[in-house]
Amino acid sequence: MNDNLEEQLRLITSRYIFGCPNLEKKRIGEIATVKAGGDCPITFSKTRTQKCNIPIFSNGTEDRGLYGFTNKANIEGHSITVAARGTIGYCERRLMPFVPIIRLLAITPKEDGAYIYLHQVIRGMKFKKNGSVQQQLTVPEISFIEIPYPHSSILYEYNKVASPIVEMIERNISENEILTKQRDELLPLLMNGQASVNSD
């Protein structure tokens, strides 16, 4: 279902943004704040707890890069994370406060609502290897990339159509995470005979 919604989002971006003539080119560093994640916080939990309820994201792709949880965010606004190591260029939208680690790049647009458009642009990029032994994408490299950037009025109209789709995608992801957690908790009980499924 989310694949269909993401395709709708791609088509909307093409129609509302890329269909506009004479789009101005801007560097990502001009339109967004780019930060690289550091070490994992000392206050850490593998699972969400009352104390540790802020997600920590790393460069992985499994579970959308979720590494664990901590008690204090250092990225607050709607953002995009971009893997700087491993699967370089893998990107995700982040709608809640979070902590990036292990050089994961966090891109927070300066203009409200630009995160949806930025995510669409970045996910379509092909990042070149930089020739180092430890392949990675750096803050200066991504900050200097030029992209077509729409006027605020165009971005506003785009977001009126795109935002409800993103909300549906994120809602589906949350529901799937809840169902997966319930399945993982129930399955061992069923296998050990501690729970049963009634057929009537």
Side-chain angles (χ1 to χ4, degrees), residues 2 4-38 54-59 61 64-66 72-84 87-128 136-174:
N2 276 356
N4 290 336
L5 291 172
E6 290 286 1
E7 177 61 15
Q8 285 183 42
L9 207 52
R10 188 189 68 78
L11 293 172
I12 288 166
T13 305
S14 180
R15 177 185 168 192
Y16 275 81
I17 310 290
F18 298 130
C20 296
N22 305 318
L23 281 176
E24 186 180 359
K25 291 255 185 170
K26 290 189 177 181
R27 289 177 177 170
I28 289 176
E30 290 179 69
I31 58 177
T33 301
V34 184
K35 295 181 179 178
I54 301 296
I56 301 169
F57 295 110
S58 69
N59 289 288
T61 58
R64 303 175 78 198
L66 183 64
K72 187 178 180 181
N74 57 20
I75 305 293
E76 296 285 346
H78 287 177
S79 304
I80 303 100
T81 55
V82 183
T87 312
I88 294 175
Y90 169 76
C91 65
E92 285 283 356
R93 288 178 294 262
R94 307 296 184 189
L95 277 61
M96 305 296 288
F98 67 98
V99 173
I101 61 169
I102 319 172
R103 312 309 298 166
L104 178 71
L105 300 177
I107 302 173
T108 308
K110 296 173 183 176
E111 190 169 3
D112 286 343
Y115 78 99
I116 300 175
Y117 171 64
L118 265 179
H119 178 259
Q120 288 294 301
V121 172
I122 292 170
R123 74 183 300 205
M125 290 179 178
K126 303 293 182 190
F127 293 95
K128 295 178 181 178
Q136 68 174 24
L137 183 64
T138 66
V139 169
E141 284 173 334
I142 201 160
S143 295
F144 276 88
I145 294 173
E146 284 192 337
I147 64 169
Y149 194 74
H151 187 272
S152 296
S153 60
I154 297 172
L155 200 58
Y156 175 77
E157 293 299 324
Y158 166 76
N159 279 319
K160 283 203 298 187
V161 180
S163 290
I165 296 174
V166 170
E167 287 169 10
M168 287 174 65
I169 291 169
E170 294 299 323
R171 189 162 54 246
N172 289 340
I173 290 170
S174 295

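Keep in mind it's a predicted model, so treat the numbers as computed, not measured. We number each residue from 1, following the sequence as shown.
When only modelled atom types and interatomic distance are considered, Thr13 and Tyr117 share no side-chain donor-acceptor pair under 3.5 Å.
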Self-check item: salt bridge (charged side-chain N to carboxylate O under 4.0 Å, His left out) between Arg103 and Glu141, intermediate numbers included
Solution: CA-CA 13 Å; Arg103 312 309 298 166; Glu141 284 173 334; over 6 Å; no

Self-check item: side-chain contact (heavy atoms from CB on, under 4.5 Å) evaluation trace for Val82 with Cys91
Solution: CA-CA 4 Å; Val82 183; Cys91 65; 4.1 Å; yes

Quiz item: Do Ile169 and Ile165 pass the side-chain contact (heavy atoms from CB on, under 4.5 Å) test, and can you show the C-alpha distance, the side-chain angles, and the key distance before you say yes or no?
Solution: CA-CA 6 Å; Ile169 291 169; Ile165 296 174; 4.1 Å; yes

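Of all heavy-atom pairs between Ile102 and Asn59, the closest is O-ND2, 2.5 Å. The minimum heavy-atom distance between Arg64 and Arg94, with the atom names listed, is O-NH2, 2.6 Å. The two atoms that bring Phe18 and Val121 nearest to each other are CZ-CG2, 4.1 Å, heavy atoms only.
To the nearest 0.5 Å, the span separating CZ on Phe144 from CZ on Arg27 amounts to 5.0 Å.
By the 4.5 Å heavy-atom criterion applied to side chains, Leu118 and Ser79 are not counted as neighbours. In this structure, Phe57 and Leu66 have side chains that are in contact, with non-hydrogen atoms separated by less than 4.5 Å. When side chains are defined from C-beta on, Glu157 counts as touching Lys160, because their heavy atoms get closer than 4.5 Å. Inter-residue side-chain proximity for Leu95 and His78 is flagged as met; some heavy-atom pair is nearer than 4.5 Å.
If you run side-chain contact (heavy atoms from CB on, under 4.5 Å) between Asn159 and each of Val166, Asp112, Ile116, only Ile116 comes through.
At a threshold of 4.0 Å, the pair Lys35-Glu76 does not count as salt-bridged, since none of the basic side-chain nitrogens sits closer than that to a carboxylate oxygen.
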